[in-house]
2 protein chains.
Amino acid sequence: MKSKESNTTLDPSTEEKIKNAARVMFTQKGYAATRTRDIAQEAGINLALLNYYFRSKEKLFDLIMLESMQGFIQSISGVLNDEGTSLQEKIRTLVSNYIDMLTLQPNLPLFVLSELRNHPHELISKLDFKEKLIRSHFFVQIQQAIIEGKIPPMHPLHFIMNIMGMIIFPFVGSPIIKNIGNLDQSSFNELMQQRKILIPEWIFSMMNLK
Amino acid sequence: MKSKESNTTLDPSTEEKIKNAARVMFTQKGYAATRTRDIAQEAGINLALLNYYFRSKEKLFDLIMLESMQGFIQSISGVLNDEGTSLQEKIRTLVSNYIDMLTLQPNLPLFVLSELRNHPHELISKLDFKEKLIRSHFFVQIQQAIIEGKIPPMHPLHFIMNIMGMIIFPFVGSPIIKNIGNLDQSSFNELMQQRKILIPEWIFSMMNLK
DNA sequence: GTCTATATACGGATAGAC
DNA sequence: GTCTATCCGTATATAGAC
């Protein structure tokens with residue numbers, strides 16, 4: 001008899017197939033516009049199975065959302081809390097990892113941000129992203145740099161917003177960007193790769209750091 | 001008999017009431033999650049009237065979307081094409097106007113970007129935003145500055161992405177930002193006001209301009 | 001133009017056979 | 001576990017009275 005955990009790569013379990021299909025559809029079209037029938041078809045299974053495994057569309061969605069955000073938080077918290085790296089190194093690593101991740105999952109941020117608008121409270125408080133960020137070594141380093149006069153004195157949120165904005169926006173607005181620049185997918189990705197180097201430089205220059 | 005055009009301010013026509021309600025609902029919850037009944041209720045009229053005036057939910061949506069984007073493009077094209085202002089002045093004005101607009105309509109960008117993902121082609125090509133931007137005096141000034149060596153040589157899109165990212169992202173991600181910074185609406189708006197000054201400075205510093 | 005009542009379609013969820 | 005068939009609520013849209 002084959003164990004439930006053995007076939008992680010070769011033949012995904014039905015449950016995994018549904019979750020993968022759901023992730024694709026939800027991130028592409030959002031919760032309301034996604035039909036459970038579409039998910040079932042994409043997964044190559046029957047509609048009834050979806051409810052058999054996950055009870056309801058909403059429960060399935062909540063699970064996908066939770067896993068997406070947990071994965072994201074986990075992927076950056078290591079960088080943020082590495083006490084052996086400078087602020088500059090952290091920013092470089094963060095930008096690079098982030099861009100690589102978004103290149104693989106370009107629809108993720110728009111999905112998260114859209115759904116967050118409609119279900120604002122639950123997930124944000126459940127994941128407690130705020131505490132994780134504020135208590136991070138990264139955040140402490142920013143505040144310390146301000147105190148020591150190495151960085152212009154201003155609300156640390158401005159730096160967070162700038163970094164996130166410069167990284168995320170091109171992906172969120174990719175239809176517009178591609179249109180303006182006459183870019184196909186590969187030249188768009190090339191531009192994003194350039195930004196791994198450029199964004200940290202810009203951040204440092206606006207911080208008066210080097 | 002009262003003319004159709006006379007009551008623009010005092011008592012909006014039924015058609016206007018429906019459009020206003022639709023704009024609010026669509027931008028808040030997106031196309032798929034918005035119910036025509038909600039729009040009718042918000043407008044204080046009956047559901048049947050919505051179809052009487054606009055035939056269908058989709059036609060109403062297309063109209064709202066078109067008008068929103070036209071309004072946006074018109075509001076910035078004046079600034080972009082003012083031949084009497086320097087690149088720096090244009091950036092300052094652009095940032096300031098944009099932040100004021102988004103403070104009044106904070107849900108607009110997420111709405112536009114979300115719906116653009118699902119109906120990518122039609123509107124983008126219809127509005128021809130690309131041509132309007134590329135042929136603008138603003139764009140020419142950027143390219144000229146690069147040629148003259150005043151700005152580091154790189155794809156002009158990077159500047160567009162940075163400006164837009166720094167302006168738009170905080171609004172798109174406002175639930176996260178507010179949560180991280182423990183901000184209520186008014187302190188969030190205050191931060192945005194600060195950015196009217198800060199963003200142009202950052203842009204100039206990354207351009208090596210002054 | 002505006003309403004009430006209703007036709008019609010669609011989507012989420014379940015019953016029940018295998 | 002997986003399928004087919006179906007129930008049932010809800011949402012869009014229309015018919016028809018006023």
Side-chain angles (χ1 to χ4, degrees), chain A residues 1-8 10-66 111 114-115 118-119, chain B residues 1-8 10-66 111 114-115 118-119:
Chain A
M1 58 190 180
K2 55 181 181 182
S3 107
K4 202 179 177 185
E5 313 295 333
S6 66
N7 51 4
T8 44
L10 265 168
D11 186 30
S13 68
T14 301
E15 194 172 343
E16 272 307 313
K17 281 196 288 187
I18 297 174
K19 270 169 61 173
N20 288 334
R23 189 168 14 252
V24 171
M25 300 304 292
F26 280 140
T27 52
Q28 232 169 54
K29 325 217 298 170
Y31 177 78
T34 297
R35 315 283 155 227
T36 50
R37 283 170 166 79
D38 301 340
I39 298 177
Q41 189 176 15
E42 172 89 10
I45 53 95
N46 189 274
L47 170 59
L49 270 183
L50 188 150
N51 289 292
Y52 172 77
Y53 278 101
F54 300 97
R55 283 303 284 178
S56 75
K57 178 187 180 184
E58 195 173 3
K59 287 211 169 43
L60 175 55
F61 174 81
D62 289 345
L63 187 68
I64 297 294
M65 182 61 123
L66 184 69
F111 164 68
S114 298
E115 302 299 340
N118 298 326
H119 320 259
Chain B
M1 58 187 178
K2 54 179 180 181
S3 109
K4 201 179 179 184
E5 313 296 332
S6 65
N7 51 3
T8 45
L10 265 167
D11 186 31
S13 68
T14 302
E15 194 172 343
E16 273 306 314
K17 281 196 287 187
I18 296 174
K19 273 168 58 175
N20 288 335
R23 190 168 12 253
V24 171
M25 300 304 293
F26 280 139
T27 52
Q28 235 170 52
K29 324 217 298 169
Y31 176 78
T34 297
R35 314 283 155 228
T36 50
R37 283 173 166 80
D38 301 340
I39 299 176
Q41 188 176 15
E42 172 89 10
I45 53 94
N46 190 275
L47 170 59
L49 271 184
L50 188 150
N51 290 293
Y52 172 78
Y53 278 102
F54 300 97
R55 277 312 278 178
S56 75
K57 176 187 179 183
E58 195 173 4
K59 288 211 169 43
L60 174 57
F61 174 81
D62 289 345
L63 186 68
I64 296 294
M65 183 61 124
L66 185 69
F111 163 69
S114 297
E115 302 298 340
N118 298 327
H119 322 258

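Values below: all heavy atoms of this structure, side chains included; hydrogens, waters and symmetry mates excluded. To find a chain, count down the sequence lines: A is the first, B the second, and so on, and within it residues start at 1.
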Please verify the inter-ring angle class for A:F61 with A:H119; under 30° counts as parallel, over 60° as perpendicular, anything in between as tilted. tilted
Taking B:K57 for the side chain and B:T34 for the main chain, is one N or O donor matched with an acceptor at less than 3.5 Å? yes
Residue pair [X] / [Y], side-chain heavy-atom distance below 4.5 Å:
X     : Y      : value
A:Y53 : A:L60  : no
A:R35 : A:I39  : no
A:K29 : A:F111 : no
A:V24 : A:Q28  : yes
A:E58 : A:Y31  : yes

[X] [atom1] to [N] [atom2]: how many Å, rounded?
X     : N      : atom1 : atom2 : result
B:L49 : C:dC3  : CG    : C1'   : 8 Å
A:I45 : C:dA13 : CD1   : P     : 14 Å
A:Q41 : C:dC10 : CD    : P     : 15 Å
A:N46 : C:dA17 : CG    : C1'   : 13 Å
B:L50 : C:dC3  : CG    : C1'   : 14 Å
B:I18 : C:dC3  : CD1   : C1'   : 13 Å

I need the residues from residues 51-62 of chain B with at least one non-hydrogen atom less than 4.0 Å from DNA chain D; give them sorted by number, or say none. B:N51, B:R55, B:S56, B:K57
Listed in order of residue number, which residues of residues 29-36 of chain A have a non-hydrogen atom at under 4.0 Å from DNA chain D? none
Apply side-chain contact (heavy atoms from CB on, under 4.5 Å) to residues A:E115 and A:F26 and explain how you reach the verdict. CA-CA 10 Å; A:E115 302 299 340; A:F26 280 140; over 6 Å; no
For A:D62, what residues pass the side-chain hydrogen bond (donor to acceptor under 3.5 Å, both in side chains) criterion, not counting sequence neighbours? none
So if I take every side-chain heavy atom of B:L47 and compare against D:dA13, D:dT4, C:dC3, which nucleotide ends up nearest? D:dA13
Between D:dT4, C:dG1, C:dT4, spot the one nearest the side chain of B:A48, thanks. C:dT4
